[in-house]
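Starting from 1, each residue takes its place in the sequence as its number. Any value given below was found using the heavy atoms of this structure, including those in side chains, with hydrogens, waters and symmetry copies removed.
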Amino acid sequence: MPADPAERRVTVTGPPRRSRRSPGYYRPRTEIDEQTTLGHTYVRSLMRSQLRVALVVFAVLVLLVGPLPLVFAAAPQARRLEWLVLGFCLYAPLILLARWYVRRTERNEEDFVRLVEDR
């Protein structure tokens, strides 16, 4: 037997353990899974934010494409103008609008996941 009891003592260090949650711990993911009123509110907020983004894209699309028949009617003999507008002047803004839409909806979903995570 060692003479000094402190020599036998070993200190073990590691990552801190998760503390136990109190019984009244608030878990948004459970609320969503159980389809409670609060869970419904969370899902509804995600749907509203996605709808808002879609309406913005739709409005910009209407502003881009809506006046085209008027532009084409103003110059009935200019077939090159139609192809120029449709092929070059409209294509790039539509691609940019689509990229913005995808990024914004993904950001909304990431925010929602962060909101309901168990952390």
ILVMFWY cluster membership beyond [X] - transitive side-chain contacts under 4.5 angstrom:
X   : answer
V62 : F58
L51 : L55
L63 : none

Original post:
Can you pull the side-chain hydrogen bond (donor to acceptor under 3.5 Å, both in side chains) pairs that have at least one residue in residues 45-67, sequence neighbours excluded?
Top reply: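 side-chain hydrogen bond (donor to acceptor under 3.5 Å, both in side chains) check on residues 45-67 returns Q50-N108, Q50-E109.
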Subject >> Of all pairs that satisfy side-chain hydrogen bond (donor to acceptor under 3.5 Å, both in side chains), the ones with a partner from residues 81-100, not counting sequence neighbours >> reply: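 For residues 81-100, and leaving out neighbouring residues, the side-chain hydrogen bond (donor to acceptor under 3.5 Å, both in side chains) pairs sorted by first residue read R79-E82.
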Original post:
Under a 4.5 Å cut-off applied to non-hydrogen side-chain atoms, are L46 and L115 in contact?
Top reply: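 Side-chain contact under 4.5 Å: no.
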Original post:
Are side-chain heavy atoms of Y101 and T105 found at a separation under 4.5 Å?
Top reply: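 Yes; the side chains approach each other to less than 4.5 Å.
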Original post:
In terms of hydrophobic clusters joined by side-chain contacts under 4.5 Å, are V56 and L97 together?
Top reply: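 Yes, one cluster joins them.
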Subject >> Common cluster, L61/L86, ILVMFWY with side-chain heavy-atom separation under 4.5 Å >> reply: yes
**OP:** Determine the minimum heavy-atom distance between V43 and F112, stating which atoms define it.
**Re:**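 Heavy-atom minimum between the residues: N-CE1, 4.2 Å.
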Original post:
Does F72 CZ have over 12 foreign heavy atoms under 6.0 Å away?
Top reply: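 Yes - once you tally the heavy atoms of other residues, nucleotides and ligands closer than 6.0 Å, there are more than 12.
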Subject >> All side-chain contact (heavy atoms from CB on, under 4.5 Å) counterparts of V71, not counting sequence neighbours >> reply: L81
Subject >> Pairing residues for L64 by the side-chain contact (heavy atoms from CB on, under 4.5 Å) criterion, not counting sequence neighbours >> reply: V60, L90, P93, L94
Original post:
Atom CD in E110, atom CZ in R103: separation rounded to 0.5 Å?
Top reply: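 Reported value, rounded in 0.5 Å steps: 12.0 Å.
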